[in-house]
Each structure stands twice: as C-alpha cells, then as structure tokens.
Amino acid sequence: MDSRRRPVLGHRWLPAPKRKRLRRRGIKPSAHGQWKRAPARASGGVARGERPTGGSPAGATLPRFVGGDGTAGRGERTWRSAAPWSRGGRFDAGMTPMGDGGKGDGNLGGGDKAGGQQSLGKGGGKQADGQKGGGDGGKGGSQLGITPRATDYAAWYQDLVLKGELADYSPVRGCMVVRPYGWSLWERIRDIFDRFFKETGHQNAQFPLFIPMSFLAKEASHVEGFAKECAVVTHYRLKAGANGIEPDPESKLDEPLIVRPTSETIIGAMYAKWVQSWRDLPILINQWANVVRWEMRTRLFLRTTEFFWQEGHTAHETEQEAREETLKMIEVYRKVAEEYLAMPVLVGQKSAAERFAGAVETWCIEALMQDGKALQAGTSHFLGQNFAKAFEIEFAGRDGQRQNAWTTSWGVSTRLIGGLVMTHSDDKGLVMPPRLAPIQAVVIPIWRKDEEKAAVASYVDGFVAKLKAAGVRVHVDDREQFKPGYKFNDWELRGVPLRLEVGPRDVAAGKCVLARRDGGEKQIVDVAGLETRLPELLEQIQAALFAKAKAFRDASIHRARTYEELVKTLEEKGGFVLAPWDGDAAVEAKVKEECKATIRCIRAEDAGESAPAIGTGQPTTQWVLFAKAY
RNA sequence: CGGGGCGUAGCUUAGCUUGGCUAGAGCGCAGCGUUCGGGACGCUGAGGCCGGAGGUUCAAAUCCUCUCGCCCCGACCA
C-alpha cells in the first residue's frame with residue numbers, strides 16, 4: 001500500500017517492533033530487502049533470543065503462544081472481592097522521569113508549563129538526558145507523580161483528578177468522563193441532597209434535553225446570558241456526502257433545538273400548562289440532569305461543556321413564599337457543603353452583575369480554595385415573576401383575580417467535587433471527608449508466607465464483618481500484585497480517611513495499625529472494639545477537616561478601605577477582601593478588569609460601619625466580599 | 001475568535017538544527033521466578049513506521065505546503 005513511496009527498502013514494510021523481534025532472533029534483511037534467518041554462526045551459535053532456557057525453548061518457531069493457560073494458576077482467589085472500581089491503567093508516567101531527572105540538577109518544577117494535560121513529568125529529566133542508559137538507580141525520593149501544590153496549583157489539581165481516577169478527558173472537546181470513583185462520590189452527594197430536597201417537600205421529575213430555540217428568547221435577560229453558549233441541533237439525519245458523512249440537508253429542522261443550558265424555559269412552559277388555580281401551587285420539582293454550556297475554557301469538574309447537576313424549579317402563589325423557598329434552599333446547600341463536604345461557605349447575595357440571567361435575586365454559597373481563589377458552589381435564585389410572565393404561568397388567585405406565579409430555581413453541580421478536592425487534599429493526593437468517602441477505611445493485609453496469608457485473611461474477615469455491620473464503608477485490598485507500601489500510597493492518593501494495616505504480628509497480638517489520612521499519624525490499636533472506635537474516629541476526622549478548612553478560610557478574609565488597598569490586598573494576599581461598596585457597577589467592573597476579581601457575595605452581616613465607598617467615595621454601610629474566583 | 005506552543009508505543013519522551021545505519025529509552029503491560037510492615041527485583045516478551053494529506057529527494061520522523069487535533073495566555077461562565 002505504501003510501496004509507491006518506498007520502492008527500494010522492502011524490509012521497511014514491517015512494523016518496527018516486528019523488525020526488532022526478527023532481528024533479535026538473528027533474522028536480518030537480505031540485500032533484496034527480504035527477511036530471512038541469518039546463518040548460524042560458528043558452531044550452533046545460538047542467536048540472541050533463542051536462548052534455550054526455561055520457558056519456551058524454540059523462541060523463533062513458536063513465539064508467543066505460551067500463556068494460553070497461564071490464567072489457570074491464579075484463579076484461586078480466596079477471600080477476594082474485586083476492587084470496587086476497576087482501575088484501568090495504573091497511574092503511570094510522571095513518577096518516573098521526575099525521579100532521576102530531578103536529581104541531576106536539583107530542579108523542581110523548572111519544567112515548562114506547556115505540557116498542560118500531562119504537564120508533570122516534563123519537569124526534570126529532559127535537558128540532562130545525555131546519560132540516558134545510565135540512570136541513577138536511586139529512587140527519586142517520594143515522588144508520586146503529583147505536582148506539588150506549591151509548584152503549580154492547577155497542575156496539582158489536575159493530577160489528583162486524573163490519577164485519583166475521579167475523571168478523565170474524553171474524545172469530545174471540553175467534556176469529561178466521570179470515572180467510577182468520581183461518580184460514586186457524586187452519587188453520595190446526590191443522595192444526600194436528594195434526601196433533603198424530599199424532606200423539604202420536593203419531588204423529582206425529568207424534562208427534555210432539548211429546548212425549542214424560541215423558548216430561550218422569551219425572557220430577555222435570560223437569552224442574553226445564555227445565547228453565547230448554546231449547542232444547537234439543526235438536523236435529525238445524516239447521509240453520506242462528499243466528505244464522508246454529513247447532516248442531510250433534507251432533514252433540516254424548521255425550528256432548531258438547543259441542548260438545555262438550564263431548564264427554566266421549558267419548565268416554565270410546562271408550569272403554565274399545569275397551573276390554573278392558586279390551589280395548584282406551589283409546584284416543587286427538582287430534576288437531576290446533565291446540561292450543556294459551550295464554554296471556551298474548561299477544567300475538569302470546575303467548568304466543562306457538559307456537566308451534571310440538579311436544578312430545582314418551584315412556582316408559588318406569593319412573592320414571600322417564593323423568597324422563603326429561595327432562602328430555604330440556599331440553607332440546604334450550606335448545610336450539605338459544611339456538614340458533609342466539610343467545606344465552609346459564605347452565604348450571601350450576588351451583585352447585579354453576577355446575578356443569574358433572568359433572576360431578581362441570586363443567593364450563593366461561596367467557598368474558598370487552598371490557593372486563595374473563591375468557588376461558587378451553589379446558587380438559589382428568586383426569579384420574581386420574570387419567567388412567569390414570559391411563559392404565562394398564570395392562575396386565578398384566592399380573590400378570583402388572574403395573576404402570575406412567583407418562581408425560583410436553584411442548583412448545585414459536579415463542580416462541588418472540584419471544590420471538595422481543592423478544599424482538603426494535599427500533595428499526597430485526595431483527602432475525602434468521611435461522611436462522603438466512598439470508602440471510609442481500607443484494610444491492607446500483609447503477609448510473607450501462605451500460612452500467614454491464611455491467618456491474616458481470616459483475622460481480617462472477622463473484624464471487617466463487624467465493621468460493615470456497624471455501617472463503616474470498608475474495603476479489603478487483597479490485590480497480590482502490589483506490595484503493601486504501594487497500596488499505602490495508592491489509597492492515600494484516593495483519599496481514604498483511614499487505613500488498617502494488618503500483618504502476622506498484629507494477628508498474634510490482636511491488634512492492627514491504624515493510620516489517618518489527614519495528618520497521617522499511625523497508631524497500634526486493639527482490633528476488639530474497632531466497630532465502635534472507627535465510627536467515632538471518622539466523625540472526628542470529619543470535624544477536623546472542617547475546622548481546618550474553616551480556619552484557613554477565616555484567616556483569608558481581609559479588609560480594605562480604599563480602592564488601592566483592595567487591589568493591593570487581592571494581589572498580595574488573595575482570599576476574600578471585604579470592602580465598602582455602594583453598588584456602583586462601574587467600580588465593580590473596574591475591579592474586575594484590573595485584577596480579575598469580582599464581588600463574590602454580599603452578606604447582611606458584613607454591613608455596619610459607615611465608610612466612603614471604594615471608587616466613588618460615597619458613604620455606605622454596605623461591605624462586600626471581593627475575590628478572584630474559579 | 002486573537003496570540004503562543006505541541007503532536008513519535010498505553011504514558012513520559014530521545015532523535016529533527018546538519019534527510020541515509022534496524023526510530024532508541026524509562027514507566028506501564030504479559031509470562032516465569034524471587035519478593036511482600038511505606039511505591040521490590042531479575043529474566044523473557046508484546047507493543048510505534050513518527051497526527052493526517054500533499055510536495056521536494058535516489059532516500060523524509062527529520063525539509064516545504066496544507067490540514068486536523070490538543071495545550072497554554074486573553075475575551076465568556078456553575
């Protein structure tokens with residue numbers, strides 16, 4: 001096929017590995033470019049690769065058919081349960097090149113940033129590689145292939161998500177694949193919220209993925225907000241065309257559909273149909289769904305083109321009721337964020353500029369990441385009658401008058417997972433708060449001999465059953481291809497809160513080694529009573545994580561009295577900066593332009609002391625929180 | 001969309017400036033053996049024709065043109 005381009009060197013048709021293999025067996029290309037066996041040299045000279053050792057003798061003749069039965073021998077798994085998440089490729093590279101490369105010149109992250117998706121590993125190694133073959137034997141310290149936070153926070157985050165197997169990039173630009181471990185985390189978050197939603201009277205339902213394009217236009221500011229990032233469906237059929245397959249022009253839709261970026265419009269249209277009387281209200285519906293917003297720049301979990309979320313949509317008879325709903329749900333968000341994700345948040349309102357497109361008021365929970373940037377972790381909108389008017393959600397009131405309903409909407413997304421990662425994790429990997437951790441405790445059995453293995457196994461079985469009965473999510477890592485040390489690091493990377501190391505010595509003593517992921521301290525404890533001890537310890541860890549994050553957050557709230565001070569503080573210290581602001585949008589815009597910081601949240605409790613507002617100098621009692629944000 | 005950078009094995013990459021020996025390596029993967037309390041080791045093996053298409057040339061991973069994709073920086077956002 002290729003031959004026209006390589007008419008001469010016939011042997012080059014073979015793939016390189018194949019050539020290499022043949023070469024090893026002493027077969028070389030002849031002058032005519034054909035492969036043939038080299039004449040055995042001297043006396044029965046054994047060509048390389050034909051070594052008559054164990055395994056397969058005649059290497060050249062029956063190459064790689066061995067092992068056909070190789071699987072049989074290892075079928076005998078005894079107390080086995082597959083890891084709850086099949087992990088495909090182990091985490092790979094990264095750990096390698098850094099190991100020796102970094103040593104050569106003691107550099108650290110001197111590497112170019114360019115790598116992006118695989119930025120790590122590029123770091124050291126490279127330039128000094130003249131000595132390739134040599135290597136330096138030594139294991140490059142404790143490099144786990146995770147970029148340290150101090151070196152490059154964004155790369156660190158990416159390493160954790162990828163190597164912790166929470167998510168992976170997909171072939172679709174900007175869209176991620178949430179892997180089983182990441183999804184199990186989301187399922188836990190989802191279930192917790194879902195329970196609270198139901199407790200507050202909401203029901204789940206499901207609305208279409210597609211929305212008629214015209215719907216979007218019905219609410220003026222809503223279009224403005226979303227028009228720029230909508231995926232549009234224009235055809236419903238493909239056909240073979242000049243350049244392969246293409247949309248069939250005959251199948252063009254009369255009215256294009258958009259893929260929902262959010263569902264206010266289509267839900268509004270349905271509510272209009274369902275609401276006739278005040279007796280039909282309130283309508284309290286939530287949907288768990290995926291939405292699409294065509295983002296320019298994406299980051300795993302934090303901003304992807306498609307993301308997974310929950311959107312609650314309610315319609316009420318009165319303004320007050322709708323306002324109460326808005327606040328009730330932001331409180332649910334606060335509660336779950338703080339009590340389950342152990343992620344402290346500030347609760348407040350958005351400025352007009354930051355408000356949801358179409359909302360009258362937007363309330364938010366705002367978290368702070370370890371790098372000093374804020375993260376909007378959830379929003380609840382009081383939509384007034386904007387959508388009710390646009391979609392004619394009308395009803396006959398108690399007084400017989402026809403009127404518009406008052407609506408709200410509120411949502412949290414898989415972005416919370418990004419927040420979770422950036423709130424607690426460290427240079428060794430993820431750190432999961434126990435209430436959320438898919439696995440709360442992992443057991444690492446240790447043995448040398450088969451008798452030990454059996455003894456350890458039954459010992460472990462004994463207490464693991466009790467732990468499970470006590471409601472602890474425990475997993476036994478009995479993989480035989482990895483040594484204990486490897487497993488320690490592996491589970492630390494995954495953020496499992498507790499690790500139990502159990503070896504022959506422990507079996508004899510009725511003990512085990514208990515290690516905490518946060519802090520990392522180890523202690524030897526009695527196995528008896530673990531089922532009461534672990535749940536307590538898990539709660540302590542939960543509390544400790546929250547306390548630590550909160551202390552950091554609180555220490556990261558600064559004050560500024562003037563515009564200059566605000567800018568300086570944002571640049572030098574990061575975090576939240578509280579400053580007097582009188583509502584002037586121009587000043588807000590100026591801050592945004594100058595230092596990429598926005599008003600994250602306006603809290604009633606920050607109001608107080610009267611001061612000249614930044615920018616305008618007008619006296620104001622309103623103090624607002626600025627920050628750079630994700 | 002504007003500005004930069006990068007595409008060589010599953011991953012990280014060497015080679016490209018100055019075309020030519022068989023495209024090297026580390027990790028990972030498979031088999032066997034020894035190991036197993038903080039990422040073990042040995043041996044053997046599998047796996048690339050260099051993002052794609054043209055062109056120049058006796059000869060292209062390497063030079064030229066086009067193209068596709070990805071990453072970074074900016075404008076937008078949960």
Side-chain angles (χ1 to χ4, degrees), chain A residues 2 5-9 11-24 28-29 49 51 53-56 59 63-64 66-67 70 73 88-101 112-123 125-126 129-130 132-133 135 139 142-145 154 169 171 173 225-226 228-229 261-262 291 293-298 302-304 307 309 354 356 364 375-379 411-416 418 444 446-449 452-453 480 482-490 492-493 501-506 513 515 522 629-630:
Chain A
D2 230 3
R5 297 197 55 198
R6 307 176 205 279
V8 189
L9 309 171
H11 62 271
R12 296 195 60 175
W13 300 342
L14 289 170
K18 189 153 286 180
R19 268 179 278 144
K20 206 186 298 181
R21 200 185 324 138
L22 292 172
R23 216 181 309 135
R24 287 200 192 101
K28 296 191 166 168
R51 58 184 69 258
T53 42
S56 59
R64 67 222 79 131
V66 266
R90 303 293 32 250
F91 52 83
D92 23 36
M95 54 196 291
T96 342
M98 300 200 99
D100 55 358
D112 44 345
K113 304 255 195 182
Q117 179 162 338
Q118 303 93 334
S119 59
L120 58 159
K122 274 197 147 165
K126 214 44 177 312
D129 67 29
K132 262 304 170 181
K139 258 300 171 232
S142 59
Q143 285 293 355
L144 301 180
Y169 289 99
R173 181 195 146 75
F226 287 107
K228 286 166 292 187
E229 49 187 20
T262 180
V291 288
R293 296 181 187 175
W294 216 263
E295 301 290 350
M296 311 272 185
R297 184 108 113 253
T298 59
L302 300 173
R303 171 165 303 108
T304 46
F307 60 95
W309 77 343
E354 300 290 321
F356 175 74
C364 63
L375 180 78
Q376 181 178 127
T379 48
V412 293
S413 71
T414 38
R415 177 180 245 200
L416 283 172
I444 315 281
I446 298 161
W447 71 82
R448 291 167 192 250
K449 294 169 260 173
E452 289 176 343
K453 177 180 165 187
E480 299 195 10
F482 299 115
K483 293 187 13 173
Y486 180 97
K487 295 178 182 177
F488 297 170
N489 288 293
D490 194 31
E492 281 170 359
L493 170 62
E501 306 167 15
V502 185
R505 294 203 296 269
D506 302 304
V513 173
K522 280 189 183 190
Y630 276 99

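Proteins get letters first, then strands, A, B, ... in listed order; numbering begins at 1 in each. The structure displayed is predicted, hence computed values, not measured ones.
Closest to the side chain of A:F488, out of B:G39, B:A78, B:G38, is B:G38. Here the side chain of A:D506 is nearest to one of B:G37, B:C76, B:G39, namely B:G37. In this structure, the nucleotide among B:G39, B:G38, B:A78 sitting nearest to the side chain of A:Y486 is B:G39.
Residue A:R297 places none of its side-chain N or O atoms closer than 4.0 Å to OP1 or OP2 of B:A75. Dashed line: the shortest gap from a side-chain N or O of A:R293 to OP1 or OP2 of B:A78 is not under 4.0 Å. Side-chain nitrogen and oxygen atoms of A:K483 include at least one within less than 4.0 Å of the OP1 or OP2 phosphate oxygen of B:G37. Side-chain nitrogen and oxygen atoms of A:K228 include none within less than 4.0 Å of the OP1 or OP2 phosphate oxygen of B:C76.
For the pair A:F226 and A:T298, both in contact range of RNA chain B, the more 5′-proximal nearest nucleotide belongs to A:T298. In terms of position on RNA chain B, the residue among A:E354 and A:K487 whose nearest nucleotide sits closer to the 5' end is A:K487.
Rounded to a whole angstrom, the distance from the P atom of B:C11 to that of B:C71 is 15 Å. B:C43 sits 45 Å from B:U57 when the C1' atoms are compared, rounded to a whole Å. B:G37 and B:A25 have their P atoms separated by 31 Å, with the value rounded to a whole Å. Going from the C1' atom of B:G4 to that of B:G47 covers 34 Å, rounded to whole Å. The separation of B:U67 from B:C29, taken at their C1' atoms, amounts to 34 Å, rounded to a whole angstrom. Rounded to whole Å, the separation between the P atoms of B:G10 and B:G51 comes to 13 Å. B:C1 and B:U56 have their P atoms separated by 32 Å, with the value rounded to a whole Å. Remark: the separation of the C1' atoms in B:C68 and B:G28 is 29 Å, to the nearest Å.
In this structure A:K483 satisfies the side chain to side chain contact (heavy atoms under 4.5 Å, CB included) test with no other residue, sequence neighbours excluded. Not counting sequence neighbours, the partners of A:E501 by the side chain to side chain donor-acceptor pair (under 3.5 Å) test are A:R499, A:K522. In terms of the side chain to side chain contact (heavy atoms under 4.5 Å, CB included) criterion, residue partners of A:T304 (sequence neighbours excluded) are, by chain and number, A:M176, A:F307.
In this entry the distance linking OH of A:Y169 with C1' of B:C72 reads 12 Å, nearest Å. Between A:F482 atom CZ and B:G28 atom P the separation is 9 Å, expressed in whole Å.
Side chain A:K522 to base B:G38: a donor-acceptor pair is found below 3.5 Å.
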Q | RNA chain B base-pair string [pairs: Watson-Crick or G-U under 3.5 Å; |: paired with another strand] | A | (((((((..((((......[...)))).((((((.....)))))).....(((((..]....))))))))))))....
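Taking OG1 of A:T262 as the reference point, atom CZ of A:R293 lies at 5.5 Å (rounded to 0.5 Å). For the atom pair CZ of A:F482 and CG of A:N489, the computed distance is 12.0 Å after rounding to the nearest 0.5 Å. Here the NZ-CD distance, from A:K487 to A:E492, works out to 14.0 Å after rounding to the nearest 0.5 Å.
Note on A:V291: nothing from the nucleic acid sits closer than 4.0 angstrom, heavy atoms only. The residue A:L302 sits close to a base: some heavy atom pair falls under 4.0 Å. At a threshold of 4.0 angstrom between heavy atoms, the contacts of A:T379 with the nucleic acid are absent. Within 4.0 Å (heavy atoms only), A:Q376 reaches sugar-phosphate atoms of the nucleic acid but no base atom.
Contact of the A:P261 side chain with the A:V291 side chain is not registered, since no non-hydrogen atoms from C-beta on lie closer than 4.5 Å.
The nearest pair of heavy atoms linking A:V412 to A:W309 is O-CB, 3.1 Å. Taking every heavy atom of both residues into account, A:L302 and A:R415 meet most closely at O-NE, 3.0 Å.
Stacking between A:F307 and the base of B:A78 is present: ring centres sit under 5.5 Å apart and the planes differ by under 30 degrees.
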